[in-house]
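All values below were derived from every heavy atom in this structure, side-chain atoms included, with hydrogens, water molecules and symmetry-related copies excluded. Counting convention: from 1, in listed order, for ligands and their atoms alike. Each residue takes its place number in the sequence, starting with 1.
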Amino acid sequence: MSAAESLVQVRVPDLGNFKDVAVIDVLVKVGERIEPEAPLITLETEKATMDVPSTAAGVIETLHVDKGGTVSSGDLVATVRAAPPAGAAADQGASAAPPAARAELPRPSAPAPAPAAAAAPESASAAASPSAPAPRTDLPPIDEPGFSRAHAGPSVRKFARELGVDLTRVKGSGVKDRITHDDVKAFVKGLFAAAPDAPAGTAALPAVPPVDFAAFGPIETRPLSRIQRISGPRLHASWVTIPHVTQFEESDITDLEALRLKLKEAATAQGIKLTPLAFIVRACVKALQAFPTFNASLDASGANLVLKKYIHVGFAADTPHGLMVPVVREADRKDIYEIARQLGELSEAARNGKLSGAQMQGGSFTVSSLGGIGGTAFTPIINAPEVAILGVSRSAYKPVYRDGVFVPRLMLPLSLSYDHRVIDGAAAARFTTFLARTLADPHSLIEAVP
Ligand code: CAO
């Protein structure tokens with residue numbers, strides 16, 4: 001060891017009431033050169049993840065913890081062979097983290113900050129830094145408890161603070177979804193790209209104020225499933241970027257149901273489950289052929305409509321892992337039996353987690369049927385970049401006025417959500433009227449497909 005070098009012991013800082021906290025990541029290796037504040041390990045309590053930063057620059061001499069192990073306040077994390085800057089005294093075995101590092105750690109037992117304090121900088125050093133740009137005041141307020149829990153290292157937190165970025169809104173691309181500098185940069189770029197001509201504040205949506213639910217009673221926090229984490233942002237994007245309108249209609253499927261029950265047994269004998277959905281998909285194909293703008297997408301410029309010459313119908317499938325949308329390809333070339341067979345095979349694959357990416361791509365229109373479960377109507381979210389989605393609810397017998405008397409008829413509720421940039425209300429009403437009429441006269445639906 002040279003005269004300028006010294007061994008620094010980095011220890012777990014004060015974790016408040018927490019003991020035996022899980023080490024979910026070891027972020028450095030023996031022999032690795034590190035900067036001061038570099039995150040060494042990531043800890044996870046049931047409330048938060050946090051990094052333990054190094055208190056010195058230098059080379060990792062020894063690591064005293066393993067991934068999967070546990071630590072408590074004051075435990076030794078690493079020994080760093082440090083080369084302190086001229087004049088600075090090395091921390092010879094000090095157990096506590098320096099003030100800046102402490103300020104980065106969430107205070108596990110502290111209550112969530114009051115909204116008024118939410119805009120306060122996370123660390124005194126960040127607040128005092130004369131070179132730090134002023135935080136953006138036109139972005140939504142930062143969700144402070146969420147920011148503390150975000151899976152990001154101290155330098156990324158500092159960077160986000162400087163830009164006024166709320167880390168709860170940034171998706172991490174690092175190990176275990178850890179948020180990196182590049183993720184923060186991409187988030188900021190995304191904000192501006194979303195509305196290049198708009199004032200900065202209008203590019204971001206106002207955040208819902210954070211609530212400390214535990215203040216009102218016991219709670220349990222569960223992570224969203226992987227599929228929810230993937231589909232959530234896509235549903236959100238569709239909801240906020242597409243002007244949705246939903247058109248409701250009812251179809252008299254009394255005759256269709258009688259026909260289905262007649263055909264069901266023979267279909268079952270061939271291993272096919274003939275539910276109303278196969279007829280509905282077939283009827284949608286006919287409606288899409290009659291109204292091609294419903295089988296289309298806006299191009300990237302938003303100035304042109306791309307009309308598709310193929311009809312691939314996606315359908316929402318409820319699975320233990322979350323909502324999935326497999327696609328019946330070339331649905332226009334399939335009769336109800338083949339459609340029913342594919343619906344069965346694809347939904348089974350979805351439930352068993354065996355759908356391939358290709359089986360979920362290329363849809364040009366989607367049907368979301370809750371008919372097997374219940375409900376009278378709903379407003380489905382368009383599966384962008386498609387321009388329309390049909391929601392189907394549970395059929396029920398209703399009194400229908402015909403030839404001067406009320407008669408019981410089996411009525412199927414239909415809910416068509418459409419992109420109003422592409423489809424006018426009159427076109428939507430024509431589409432649903434056509435669909436309802438087609439379902440009401442089922443014989444055309446069982447004809448062989450050319
Ligand atoms: N009205 C009355 N009964 C209906 C019906 C309707 N609209 N649709 C289906 N049924 C009946 C079926 O005939 C079947 O009864 P039988 O066995 O007696 O014939 C029963 O309900 C169950 O049908 P199913 O759900 O097994 O089959 P399906 O073809 O109707 O649906 C699938 C397949 C994959 C779409 C469905 O299982 C599913 O996952 N639905 C949920 C979709 C969803 O979550 N949508 C919401 C997305 S937006 O959040």
Side-chain angles (χ1 to χ4, degrees), residues 224-225 227-228 230-232 234-236 238-239 242 244 246 248-269 271-284 313-328 331 334 336-355 359-360 363 365-384 386 388-398 408-417 435-436 439-440 442 445:
L224 293 179
S225 71
I227 289 177
Q228 283 174 315
I230 294 168
S231 62
R234 297 190 65 168
L235 286 165
H236 190 193
S238 179
W239 182 250
I242 298 178
H244 281 67
T246 305
F248 300 104
E249 178 61 283
E250 276 187 330
S251 175
D252 181 342
I253 59 159
T254 317
D255 295 346
L256 187 154
E257 185 59 4
L259 182 62
R260 185 182 78 89
L261 293 177
K262 221 162 78 184
L263 303 174
K264 193 175 155 186
E265 210 174 308
T268 308
I272 297 172
K273 188 175 176 193
L274 194 59
T275 66
L277 189 56
F279 294 85
I280 293 164
V281 169
R282 181 80 191 109
C284 284
V313 178
F315 67 100
D318 180 34
T319 81
H321 330 283
L323 180 69
M324 304 186 92
V325 185
V327 175
V328 178
K334 296 182 168 133
I336 49 156
Y337 298 103
E338 188 50 29
I339 291 172
R341 185 192 298 280
Q342 295 238 318
L343 290 172
E345 286 173 4
L346 288 166
S347 30
E348 197 184 330
R351 288 186 185 122
N352 295 335
K354 294 209 169 128
L355 271 187
Q359 286 174 308
M360 291 185 278
F365 181 83
T366 298
V367 178
S368 176
S369 172
L370 291 170
I373 303 169
T376 54
F378 65 108
T379 53
I381 297 179
I382 296 164
N383 191 11
E386 295 165 21
I389 179 169
L390 181 74
V392 181
S393 299
R394 191 163 186 80
S395 58
Y397 277 97
K398 291 187 177 178
R409 304 293 295 178
L410 187 61
M411 304 303 289
L412 178 73
L414 304 171
S415 312
L416 179 85
S417 291
L435 196 57
L439 288 164
L445 297 175

Query raised in the report: If you measure from atom 12 (C) of ligand 1 to every heavy atom of P413, A340, P276, which option wins on shortest distance?
Result: P276
Query raised in the report: What residue and heavy atom of the protein are closest to atom 4 (C) of ligand 1, and at what distance?
Result: G371 O, 3.4 Å
Query - Atoms in ligand 1 with a heavy atom of A316 nearer than 4.0 Å - result: 35 (C), 42 (C), 45 (N), 47 (C)
Query raised in the report: Hey, is L277 touching ligand 1 through its side chain, its backbone, both or neither, going by heavy atoms under 4.0 Å?
Result: side chain
Query - ligand 1 N/O within reach of S347 N/O, cut-off under 3.5 Å - result: no
Requested in this report: Please name all residues satisfying salt bridge (Lys or Arg N to Asp or Glu O under 4.0 Å) with E257, sequence neighbours left out, ordered by chain then number.
Outcome: R260
Query - Side chain, backbone, both or neither: L370 near ligand 1, heavy atoms under 4.0 Å - result: side chain
Report task. Only heavy atoms count here, so choose which of A396, P326, G372 is nearest to atom 21 (O) of ligand 1. Result -> G372
**Report entry** Mode of A278 contact toward ligand 1 - side chain, backbone, both, neither (heavy atoms, under 4.0 Å)
**Finding:** neither
Report summary line: Under 4.0 Å from one or more heavy atoms of L412, ligand 1 contributes atoms 7 (N)
Query raised in the report: Is L323 touching ligand 1 with its side chain, its backbone, both, or neither, if touching means heavy atoms under 4.0 Å apart?
Result: side chain
Report summary line: So the atoms of ligand 1 within less than 4.0 Å of a heavy atom of S368 turn out to be 45 (N), 46 (C), 47 (C), 48 (S)
Query raised in the report: Short list, please: which atoms of ligand 1 are under 4.0 Å from a heavy atom of A317?
Result: 39 (O)
Query - atom 7 (N) of ligand 1 - nearest protein heavy atom and its distance - result: S393 O, 3.0 Å
Query raised in the report: Counting heavy atoms only, which part of M324 comes closer than 4.0 Å to ligand 1: side chain, backbone, both or neither?
Result: neither
**Report entry** Salt bridge present between R341 and E338 (N-O < 4.0 angstrom)
**Finding:** yes
Query raised in the report: Considering only protein heavy atoms, which is closest to atom 3 (N) of ligand 1, and at what distance to one decimal place?
Result: R394 NH1, 3.4 Å
Query raised in the report: Going by heavy atoms in the side chains, are L414 and S251 under 4.5 Å from each other?
Result: yes
Query raised in the report: Using heavy atoms and a threshold below 4.0 Å, how should the contact between R351 and ligand 1 be classified: side chain, backbone, both, or neither?
Result: side chain
Query raised in the report: Nearest protein heavy-atom contact for atom 30 (O) of ligand 1: which residue, which atom, what distance?
Result: T275 OG1, 3.9 Å
